[in-house]
Each structure stands twice: as structure tokens, then as C-alpha cells.
Amino acid sequence: MLTQSLLLLAAATFPAMVTALPAPAPAPAPQHISAGHWHASPSNTWTAPRTTHTVVAGRGGLRFDPDNVVAEVGSVVEFHFTPLNHSVVEAAFDAPCVPKDAADSFFSGFFPVTRPTDGSAVQSAEVFQIEVRDDKPVWFYCAQNAGRHCQSGMVGVVNQRFDSGKTLAVFKGKAAEVLGQSGVQAQVQGGWRGANPNPQSGF
Ligand SMILES: *[C@@H]1O[C@H](CO)[C@@H](O)[C@H](O)[C@H]1NC(C)=O
Ligand SMILES: [Cu+2]
């Protein structure tokens with residue numbers, strides 16, 4: 001009897017979790033976020049639908065909009081890409097424009113998008129999603145070297161700590177001092193890249 005009601009509860013709860021994700025989503029289920037980014041353990045069982053925070057790369061110039069993201073643990077940050085050819089790479093606070101030296105740090109790859117001649121707003125058919133795994137700040141930049149995007153201020157942060165002195169303004173200042181090129185990881189990693197489940201999001 002108990003088992004039966006538990007099964008009913010599971011059946012009643014699980015579809016709700018799945019359908020709460022944006023449709024027609026290519027199922028951004030936890031295991032798709034990436035093996036490296038996801039450490040299976042009981043504490044990673046989410047009991048509520050996940051919040052998605054949209055960040056648009058390249059809207060309004062060489063910047064992420066917003067570039068200061070506040071996101072709860074367990075939520076998803078979803079990057080959308082406008083013309084011409086942006087990316088997002090995780091960095092350490094002390095070294096902007098350099099990929100963070102960690103196997104599970106993220107790199108989205110590049111998203112070339114043609115700018116329409118009529119000036120209308122367009123975005124890539126694909127997005128890149130990362131999971132907010134803990135409350136530590138996550139620093140990121142665009143690695144496009146044609147135009148030196150990172151050095152020009154195309155950087156951002158998830159959950160910066162204002163009381164630590166490690167602020168987005170300081171990170172941006174350090175990026176402006178980088179003389180060399182921006183780096184990338186060897187392949188897309190640390191997140192999920194796929195068809196845009198929220199075509200209107202942020203637009
Ligand atoms: C986009 O930028 C990357 C990195 O600079 C480059 O390798 C790639 O060829 C670019 N793609 C297009 C279509 O311009
Ligand atoms: Cu860029």
C-alpha cells in the first residue's frame with residue numbers, strides 16, 4: 001500500500017518536473033548539462049522546477065546582457081547569442097580572458113550569426129546552458145579575438161560577492177589590461193549546447 005502510493009506520488013510528480021522545463025526543449029535534464037558539471041549525489045535531486053536565467057551575448061554592443069547574474073543554486077543560466085560571433089568561457093577571477101584551469105570549467109564554442117541587413121534582432125538557433133552548482137562566483141568572458149571582446153569588457157559573473165572586493169568592475173578592469181589574445185578550451189565542455197528552447201527569451 002505504501003509502495004503503491006509512493007509510485008503514484010512519483011508518477012504524479014515526475015511529469016510535472018519534466019513539463020516544467022521549456023517546450024519544445026531538447027530535454028535539458030541534469031545528465032545532459034554534462035558529465036563533468038554534474039556530480040550525481042542525493043543532494044542533486046531537485047524537488048522543484050528549475051529557474052532559467054537568460055543572458056544575451058552581444059546585445060547592445062560587446063557585452064553580456066545582463067553581465068551581473070544573480071542565480072540560486074540549482075538554477076540554469078542560459079546564454080543566447082546575437083551577431084556576429086560570440087562565445088562564453090569560464091575564467092578564474094584573477095585571470096580574465098584565460099580559460100579556467102579545471103576539467104569541468106565551461107566553454108560554449110563560437111556562435112556565428114549573420115547580421116540581417118534590415119537591422120532586425122536575431123539570435124543563434126542554439127543556446128548554451130550552465131548549471132549553478134554552488135554559491136561561489138562564476139566568472140566568464142567572450143573569447144572572440146577579432147575585436148578583442150574580453151579585453152573590451154565582454155565579461156560577466158554569476159553571483160559575485162560585493163563584500164569580497166572581487167567585483168565585476170575589478171574583473172572588467174583586469175580584462176582591459178590583458179595584452180595577449182583570449183583563450184578557449186579545446187572543445188565545448190562544462191555545459192549543454194543545443195537547440196534554443198526559449199526563442200523569445202530576452203527579446
Ligand atoms: C567565429 O569565431 C571563431 C573564433 O575567432 C572562428 O574560429 C570562426 O571561424 C568564426 N566563424 C565565422 C563563421 O566567422
Ligand atoms: Cu563576443
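Between Pro96 and Val178 the shortest heavy-atom distance is O-CG2, 3.7 Å. The two residues Gln160 and Leu168 make their nearest non-hydrogen contact at OE1-N, 2.9 Å. Tyr141 and Ser182 get closest at one heavy-atom pair: CE1-CB, 4.1 Å. Across Asp67 and Lys172, no two heavy atoms sit closer than the pair OD2-NZ, 3.0 Å.
Residues passing the side-chain hydrogen bond (donor to acceptor under 3.5 Å, both in side chains) test with Glu72 are Thr51, His53, sequence neighbours excluded. Residues satisfying the side-chain contact (heavy atoms from CB on, under 4.5 Å) test with Glu126, not counting sequence neighbours, are Phe111, Ser124, Arg193. Remark: Lys100 engages no residue in a side-chain hydrogen bond (donor to acceptor under 3.5 Å, both in side chains) (not counting sequence neighbours). Considering only residues two or more places apart in sequence or on other chains, Glu177 meets the side-chain hydrogen bond (donor to acceptor under 3.5 Å, both in side chains) condition with none of them. Residues passing the side-chain contact (heavy atoms from CB on, under 4.5 Å) test with Asn85 are Phe110, Pro112, Gln144, sequence neighbours excluded. Judged as a ring-ring contact (aromatic ring centres under 6.0 Å, His included), and not counting sequence neighbours, Phe107 has no contacts. Qualifying side-chain contact (heavy atoms from CB on, under 4.5 Å) partners for Asp118, counting only residues two or more places apart in sequence or in other chains: Pro116, Ser120.
There is a path of hydrophobic side-chain contacts, each under 4.5 Å, that joins Val188 to Val88.
Annotation: Asp134, atom CG; neighbour count of heavy atoms from other residues, nucleotides and ligands within 6.0 Å is above 12.
Note: Phe140 and Phe106 have tilted aromatic rings, judged against thresholds of 30 and 60 degrees for the angle between ring planes. By the 30° and 60° cut-offs, the orientation of the rings of Trp139 relative to Phe171 is tilted.
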Show me the side-chain donor-acceptor pairs of residues 149-159 shorter than 3.5 Å, one per line, residues at least two apart or across chains.
| from | atom 1 | to | atom 2 | distance (Å) |
| --- | --- | --- | --- | --- |
| His149 | ND1 | His86 | ND1 | 3.1 |
| His149 | NE2 | Ala146 | O | 3.4 |
| Gln151 | NE2 | Gly180 | O | 2.9 |
| Ser152 | OG | Gly147 | O | 3.3 |
| Ser152 | OG | Arg148 | O | 2.6 |
| Asn159 | OD1 | Ala71 | N | 2.8 |
| Asn159 | ND2 | Ala71 | O | 2.7 |

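Judged as a disulfide bond (SG atoms under 2.5 Å apart), not a single pair has a partner in residues 152-196 (not counting sequence neighbours). Residue pairs satisfying the disulfide bond (SG atoms under 2.5 Å apart) criterion with at least one member in residues 118-148, sequence neighbours excluded, are absent. Within the structure, salt bridge (Lys or Arg N to Asp or Glu O under 4.0 Å) pairs that include any residue of residues 151-169 comprise Asp135-Arg161 (at least two apart or interchain).
Distance check, rounded to the nearest 0.5 Å: CH2 of Trp192 to CD1 of Ile130 gives 14.0 Å.
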